[in-house]
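Just so you know, ligand 1 is whichever comes first in the structure, and atom 1 is the first atom listed for that ligand. Hydrogens, waters and symmetry mates are skipped; everything else that's a heavy atom, side chains included, is used.
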Amino acid sequence: MNIEKLVRKNILELKPYTSARQSHTDGILLDANENSLGSVAEDVNNLEFNRYPDPYQKLLRKKTGDYLGVPENNLFFGVGSDEVIDLLIRIFCEPGKDNVIVCEPTYGMYKVACDINNVKVINAPLNDGYDIDYNAIVSSVNENTKILFLCSPNNPTSNLLDKNIIRKLITDLNLIVVIDEAYIDFSGDEGFAKEALHTDNLVVTRTFSKAWGMAGLRCGFCVAPEKIISLLFKVKMPYNINKLTAMAVAKAIDNSVTKDEYVKEIIEQRELLYNELKRNKKIINVLPSDANFISFKVENPREVYNYLEENGIIIRDRSNQYNFQGYLRVTVGAPEENRLFLQKLNEIL
Ligand SMILES: *Cc1c(COP(=O)(O)O)cnc(C)c1O
């Protein structure tokens, strides 16, 4: 597929900003108006805070590439995967003209990022089993459709989407397919990262915010064909990933066994929570989860939410989302948190 045809003309023609640290990282550096005397910030790891970080993200690309078994050239890092989502919209979608397809109920950031960029959003709803509806998507596409956002496992419905239907959409549609795999670690599925290496129009986003427990560092990334990676590098802010984040993420990858242990424990807790919720006859439905949260349906979501809140337990009221009436979403917490949540929930129900 000819990706260039999907890219905005001004982005194709864009002459990117060339930053000082692109050309030189050592020597007598008098090229970037940094403070050569040092940094006021405490720098226990000798990261040289007075110097701008690496615009090529080399450390992260190498570490993550080795870990996932994908080439560095197929990786791009953003300030959270939310940044990657925003950049993709800005690369492909002409404001006021192009559109994007989402399958609701799903993650709200796709629509917000589109709204900010004045890009129209078309909803091709998930079916009643909250899986993707091939025909709904295909019939929503028009000549100005540039991106299809899929989220698998999907937030807030917590299920993996049908992989064969996704593959069929990738081949049948002349647009960019983005699969948001923020929760893939909890699913037992390997996801689409490897397939993105040799599929022109596929982008897979991942994040260090969930299973890795690094939401506060703001680091997400995508696996994509090199042409799309080049476009992302062309439009990103030159120094989007800071040195502290890069160091912490690189060290975390060396310690990925800890991530695996967290995932194992969260899955155990998830099954426990699921079974307990299932036992409560006042709960209308509990959705099986491939993620680190569970959505469940009640008669009176606001009342339940408020009671939990009064007791210091904060969950998410998702009952106003499209085709998700009555649903509340609870993150799988630490054992004691889950126990207290269940106790208070059983009091109000
Ligand atoms: C939490 C979440 C993300 C993570 O975003 P970051 O910006 O990487 O923290 C992405 N997609 C979905 C569906 C999420 O729920």
*Report the member of K210, M109, E83 with the shortest heavy-atom distance to atom 2 (C) of ligand 1.*
K210
*For ligand 1, which atoms, with element, lie under 4.0 Å from some heavy atom of A182?*
2 (C), 3 (C), 10 (C), 11 (N), 12 (C), 14 (C)
*Determine whether the side chain, the backbone, both or neither of S81 has a heavy atom under 4.0 Å from any heavy atom of ligand 1.*
both
_With heavy-atom distances below 4.0 Å as the criterion, list the atoms of ligand 1 near T207._
6 (P), 8 (O), 9 (O)
_Considering non-hydrogen atoms of the protein only, which is the closest contact for atom 11 (N) of ligand 1, and what is the distance?_
D180 OD2, 2.6 Å
*Should the pair K163 and F192 be classed as cation-pi, given the thresholds of under 6.0 Å to the six-membered ring centre and 45° from the axis?*
yes
_Close-contact set for ligand 1 against S209 heavy atoms, below 4.0 Å_ = 6 (P), 8 (O), 9 (O)
*Approximate separation, where rounding is to 0.5 Å, of I253 CD1 and W212 CH2*: 5.5 Å
*asked:* What I want to find out is whether K264 reaches E261 closely enough, with some N-O distance under 4.0 Å, to be called a salt bridge.
replied: no
*asked:* Could you tell me, atom by atom, which parts of ligand 1 come under 4.0 Å of a heavy atom of R218?
replied: 6 (P), 7 (O), 9 (O)
*Numbered atoms of ligand 1 (with element) below 4.0 Å of C151, judged on heavy atoms*: 13 (C)
*Indicate, as side chain, backbone, both or neither, the part of D82 found under 4.0 angstrom from ligand 1 when only non-hydrogen atoms are considered.*
both
_Ionic contact status for R167 with E195, cut-off 4.0 Å_ = yes
*Aromatic ring centroids of Y130 and F324 under 6.0 Å?*
yes
_Quick check: F208 with F221 (ring centres under 6.0 Å apart)?_
yes
*Could you list the atoms of ligand 1 found under 4.0 angstrom from a heavy atom of G80?*
6 (P), 7 (O), 8 (O)
_contact_flag Y183 ligand 1 heavy-atom lt 4.0 Å_ = yes
*asked:* Do the side chains of R21 and E34 get close enough for a salt bridge, i.e. N-O under 4.0 angstrom?
replied: yes
*Is the closest side-chain donor-acceptor distance between N285 and Y327 under 3.5 Å?*
yes
